[in-house]
Protein chains: 2
Amino acid sequence: MTKADTRQKILDAAEVLFAEHGFGEVSVRQVVHEADVNVASIHYYFGSKDALIEEVLSRRLTPLNEERLRQLSAFEEKASKSGTTITIEDVLYSLVGPAVRLSRGTEAGRHFIRLVGRMFAEPSDSVQAMLKARFEALFRRFNEAFKQALPGVRRKDYFWRLHFVIGAMSLTLCDSQRPALLSEGACNPEDVEEVIAQLVAFCAAGMRAEAPKKRRTR
Amino acid sequence: MTKADTRQKILDAAEVLFAEHGFGEVSVRQVVHEADVNVASIHYYFGSKDALIEEVLSRRLTPLNEERLRQLSAFEEKASKSGTTITIEDVLYSLVGPAVRLSRGTEAGRHFIRLVGRMFAEPSDSVQAMLKARFEALFRRFNEAFKQALPGVRRKDYFWRLHFVIGAMSLTLCDSQRPALLSEGACNPEDVEEVIAQLVAFCAAGMRAEAPKKRRTR
DNA sequence: GTGTAATTGAAACAGTCGTTTGAATTAATA
DNA sequence: TATTAATTCAAACGACTGTTTCAATTACAC
């Protein structure tokens, strides 16, 4: 067995187990058992369990965010060629499309994406710091694009709505089965383009909403 | 110290710790240390760690969901008296209002609500079964109300959108600080009625959106 | 084929885990 | 106040945690 094989087997097994049960609940011994390698391999290749977690995440997160930026650039170029500006649907499509496709393509992608969704609800400082580092560039780029697509929306309203978009997206990535269960089969979570279209339509309408007014507290 | 005191101290400490670090990451010894009681108390009062988790959740979830139903009924009554039907804003307001208020009121509420948000991203079977049991009645009741408020929306579209609403709400409850951080202070997560108004406006617009159309896969 | 480095293996490290025990203590009942 | 029941306590249970050690094995350059 070559070096690459063992590393890969550990990462694959860890991805599945972490997605299924969370970081804290999965022991390195479960990982090495599933990967069919020795206990010491994890520390030989990664140094520690925490370092392994980092590796599991960055392995797929980097290409995913690159793809998002690629799609966004393509939409912007297309718009500028036709003398228009990018639409909110285009921006959302670039943001959620690659992620949903990854989450529904292979079994590995499904596990990984659930892992990311789980992390967004994870308040632990180390995880949040990691997320921030990996998403900062993406965030700045999409902020500009959203601004262009939503000229009339106030700054404050925009940031709240971005937060809601992230929430809707996270849950959709993290839990693919609930809509099917709740609707008793009417929703098909495996119809990737349908999921994307639903998510984009919902978020675009929410983003474009009238500025909210507070109610009297009851 | 009376019996009630010890039980209460354990529940309070467990709520904070579980919300902060998750179920698996918190040991019963951390809980008893924080609660300043003996290790055996947890098994004396609750039987097991799992049973303690259940107790922590149901202690606040039951009154929360009762309040949601109360508000919904009040809106429905008001509408029927004036010969109109309930609006989507009213339904959403009943769903998210009590939860957001709980999450921003006391420190205990904040911790508890983060716990619930975290659980929605938790795929573990035992947790999902627990959630299902505790939310089933609420779910049926709100389904009817949404149906009334959204006569033109197809069944399939509705269930997808409900899923997105839950996602937006979950993240907002779970992570109160991110909007403030991302917006560099423009959003104030402590302005409870503002948060509710923003969430309701976003979700109402999303719920009322035009039926989505799939794009060509790129 | 020999020597050297990379990798794997089984065993053990010191801690921590959830849980249990049974005696010591407190509170309630009579 | 005496008796009984409820509660607390320190200590220990075996199992499991992440990590380390070092000999055995494999791969590769010469």
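Letters A, B, ... mirror the listed sequences (proteins, then strands); counts begin at 1. The figures here come from the full heavy-atom set of this structure, side chains too, leaving out hydrogens, waters and symmetry mates.
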Hey, what's the ring geometry for A/F164 with A/W160, parallel, tilted or perpendicular (30° and 60° as the breaks)?
-> parallel
Is any side-chain N or O of A/Y45 closer than 4.0 Å to OP1 or OP2 of C/dT8?
-> yes
Parallel under 30°, tilted from 30 to 60°, perpendicular over 60°: which one fits the rings of A/F139 and A/F159?
-> tilted
Can you tell me how far P of D/dC9 sits from OH of B/Y44, to the nearest Å?
-> 13 Å
In whole angstrom, what separates B/D5's CG from D/dT8's C1'?
-> 14 Å
Can you tell me how far C1' of C/dT7 sits from CZ of A/F46, to the nearest Å?
-> 14 Å
For D/dT7, does either OP1 or OP2 sit under 4.0 Å from a side-chain N or O belonging to B/T6?
-> no
Any residue meeting side chain to side chain donor-acceptor pair (under 3.5 Å) with A/R104, in chain and number order, not counting sequence neighbours = none
Integer-rounded Å distance: C/dG9 C1' and A/H33 NE2 = 16 Å
Contact pattern, 5' to 3', of nucleotides 13-24 of chain C - B, S or - by protein heavy atom under 4.0 Å = ----BBBBB---
Would you mind reading off the distance between A/L52 atom CG and D/dT17 atom P, rounded to a whole angstrom?
-> 15 Å
In terms of the angle between their ring planes, are B/F202 and A/F202 parallel, tilted or perpendicular, with boundaries placed at 30° and 60°?
-> perpendicular
Salt bridge (Lys or Arg N to Asp or Glu O under 4.0 Å): pairs with one or both residues in residues 165-177 of chain B, sequence neighbours excluded | B/D175-B/R178
Can you check whether B/V91 reaches B/L95 side chain to side chain, under 4.5 Å on heavy atoms?
-> no
